[in-house]
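Proteins get letters first, then strands, A, B, ... in listed order; numbering begins at 1 in each.
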Amino acid sequence: MLPFIDDILRYDSLSIVGLEKNTGKTECLKYVLDRLPVQDKHIAVTSIGIDGETVDQVTRTQKPEIVLREGMYFGTSEMHYRQRRLVSELIDVSDENTSLGRVVTARALTSGKILLSGPSSASSLKRWMGEMRQAGIDLVVIDGALSRMSSASPAVSQSMILATGAAYSANMSTLVSKTAHIVDLVNLDLTSDANVKVLLPLDQGVWSIDSQGNLKALDAITSLSRDIHFEGMEDCQTLYVAGALVDGFLEKVRKNKSLKQVELVVRDFTKIFVTPQQFRLFHKAGGRIHVLQKSKLIAVTVNPTSPSGYVLDSDTLCNKLSEAIGLPVYDLLKNKD
Amino acid sequence: MQLKNVIESPCGLRFMLDELELQSGFARRWLLDSPMMTRDEEITACYDELRRFADFVNQVDHLYINTLSHKLCGLKDIRTTIKNLKQSSVLDDIELFEVKHLAILATDVKKLLSQHGMDTVVEIPALDEVITILDPDGMKIATFYIYDSYCAQLKDLRIQMRQHPEQQDDLLLQAGELEEGVRQDLSRQLHPWATAIEQAQLALARIDVNLAKAMQMSRMGLSFPTLSPDGTSRYEAMFHPQVKEALAQRGRSFQPVNIAYGQHPTLITGANMGGKTVVLKTLTLCQWLFQFGFGIPAASAQIAVRDEIYFCIGDEQSVEKGLSSFAAEMKNIDAVIKASRENKKLLALIDEPARTTNPTEGAALVTALLQVLAGRDMSLVMTTHYDIEPGDARCLRVKGFENGSMDYRLVEVQDGEVPHEALNIAQSLDIDSEWIDLARKHLDASPTTTLDNKH
């Protein structure tokens, strides 16, 4: 057993996210499901639905089937439930409709194949996971949408695995630096407990906390503001952006002399939409970005083969990436045990 | 006329529905689809049932209500499945699951209610037989699959599946045929129960609605109405729940109003800000609440049943549709006049008709409207700012501005003369004195102002 299976079991939820199609997300999911101790733990599997993967929604065929093991719980759409290739017991049918029908929850009574298409939004996924937890499920594994991080948000799942590979970029150093950027975002440090307590309930606007700990709403400032200027700016210790953090805003904070020492706080890494360049410049200038919530990045997996047939050297890729991110990197196809 | 047709009326019905703590979406849909009651007997029966629930809610403890509410949360809309069952279609696993889920839910709720003798108030058909059909192993849990015990052959195939996963696809194919046979058999057995299942679903929705209405009554201080024997509606200490709540949030209280109206047209006059429109809104709200069987926001209420209810108020929506406010209003009132020619018991509540036009023509229009409608068999309540000949109409006036504050109570007056308090009120609002003082000078200079121009 590769070590990260043990790591997964420390959390109540795992989201598997692929940076691009054919980066091996499904391989990774299969790998994890095959190795989880289904005898000792109640495990449920679902997907963040099909809204991120329009191709599948149109053709309705391309989504790969997942092999479930006996005893696993799963959430999928009515349509895919009817196409299941295993014996399973129905536990719930939700009121919520997705484009493939309502979400059905069931338990596998034999092993077998199923197409996964779960709740279609992060909020309904969260609701579903809550119900699962109430029903005594120890771990929910989410097949995340491609190139969308919403299911990996710490607001939804506690831990994540990132699948990357030649399909994301066929140039090794580009692949390494692009992946490392995402990993950097995921691994951003948490802000202070005091800040978390004050800022977590605020889900919109830009806010400032001064050296006395006073919270102030900066109504005139948005993440798209041309200029950052507000009263008491010199004494601002923490600047909290509840919405998306974009390049322009980051650049303005960096260039603002009064905000040299400021701690920039965002909700979580899924709210950061900045280019690696801006992100690096900000850090070089001594800037700090912290988050309110953080997911545990369990592992990064790679698929060195691109769909066009180009193959990167697996060992070199794993080593380079591992070096860049300071975490073990696995090529699951190669390491099949 | 269904509740959903009038729910967006500016009288505030939507607020009452939003404040109703229904457990299931199905009950909400059922309530919105329910028709307005127009017969005395059905209204009496509806309130008798609600009264039983109100007493029940007061008797039982919190924990019991929570258990019941939690159960009702599980009520799902399975009308499509029931329709399929009625048509003798073969139900699939999801549909069979839905039927079993509902049958167990209905049985549980029935058992809970019988602890307090409430199972006879809204009768839930016994569905034990349905559960037996769908629960061959007697597990009594609301999950479902084509159980092994339905078919010995199926059981064998599934054992093989576990032993020989490599043959799974082939075995699943064989099992699939057997499963379909079981589904056909189950659907055949369930078919005679379709109506009972449908009734159970409706009964659960009715229980959900009654419970929510009963709890709303105690939370908002609503009362049970009685039927008016003589066509006159009488309210003691009537209030508008939404306005009351808005005032409470600003630390102010709502002054309740007593009012009776019916056989003669009723004209409400009074100063600006005197709450005339709120009175009219509340009367409309109460009438609809009554004919849809809700608690009434008043200390006591005796209400006459009406076939149709018209509430004419300056209507933003028509303006959005491109009609001028005057045109929209005239069209609305026109509908009342046309309907009044039919042999129906109408209630029309008209807020300041013709207020957007000049006072001379406006007063003429209102006087004529009153004359036209006074001759018809209908209840009419109208507010106005114009001094008009009341004719046969009863005149009520908002007590008005006294000692710096507004007294919202209504008093009966002999004629429809409107009080001239606009300037005093404006002054109390701290409106610029240059304007108000000049207005007062104009008023003093001319003995007959436009407002006094009756004829």
Let me confirm one number: the [atom1]-[atom2] distance from [X] to [Y], rounded to the nearest 0.5 Å.
X: B/Tyr145; Y: A/Leu109; atom1: OH; atom2: CG; value: 5.0 Å
X: A/Leu86; Y: B/Met161; atom1: CG; atom2: CE; value: 9.5 Å
X: A/Thr110; Y: B/Arg158; atom1: OG1; atom2: CZ; value: 8.0 Å

I'd like to know whether A/Glu78 forms a side-chain contact (heavy atoms from CB on, under 4.5 Å) with B/Asp92, so could you lay out the CA-CA distance, the side-chain angles of the two residues, the decisive distance to 0.1 Å, and finally the verdict. CA-CA 11 Å; A/Glu78 267 181 277; B/Asp92 68 15; 6.0 Å; no
Does [X] have more than 12 heavy atoms from other residues, nucleotides or ligands lying within 6.0 Å of its [atom1]?
X: B/Lys71; atom1: NZ; answer: no
X: A/Gln204; atom1: CD; answer: no
X: A/Lys216; atom1: NZ; answer: yes
X: A/Gln134; atom1: CD; answer: no
X: B/Gln167; atom1: CD; answer: yes
X: A/Glu231; atom1: CD; answer: no
X: B/Glu245; atom1: CD; answer: yes

Is B/Gln168 close to A/Ser111 at the side-chain level, that is, under 4.5 Å between some pair of heavy atoms? yes
Any non-hydrogen side-chain atom of B/Thr143 less than 4.5 Å from a side-chain atom of A/Ile91?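 Contact flag for B/Thr143/A/Ile91 side chains = yes.
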Side chain, backbone, both or neither: which part of A/Val93 has an atom under 4.5 Å from a heavy atom of chain B?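 For A/Val93, the contact with chain B is made by backbone and side chain together.
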Side chain, backbone, both or neither: which part of A/Glu70 has an atom under 4.5 Å from a heavy atom of chain B? side chain
Hey, mind stepping through A/Arg82 and B/Asp93 against side-chain contact (heavy atoms from CB on, under 4.5 Å) and telling me if it holds? CA-CA 8 Å; A/Arg82 294 199 167 94; B/Asp93 289 8; over 6 Å; no
Proximity breakdown for B/Phe26 and chain A, heavy-atom pairs closer than 4.5 Å: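 No part of B/Phe26 comes within 4.5 Å of chain A.
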Counting only non-hydrogen atoms closer than 4.5 Å, does B/Leu172 touch chain A with its backbone (N, CA, C, O), its side chain (CB onward), both, or neither?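 Contact with chain A: side chain only.
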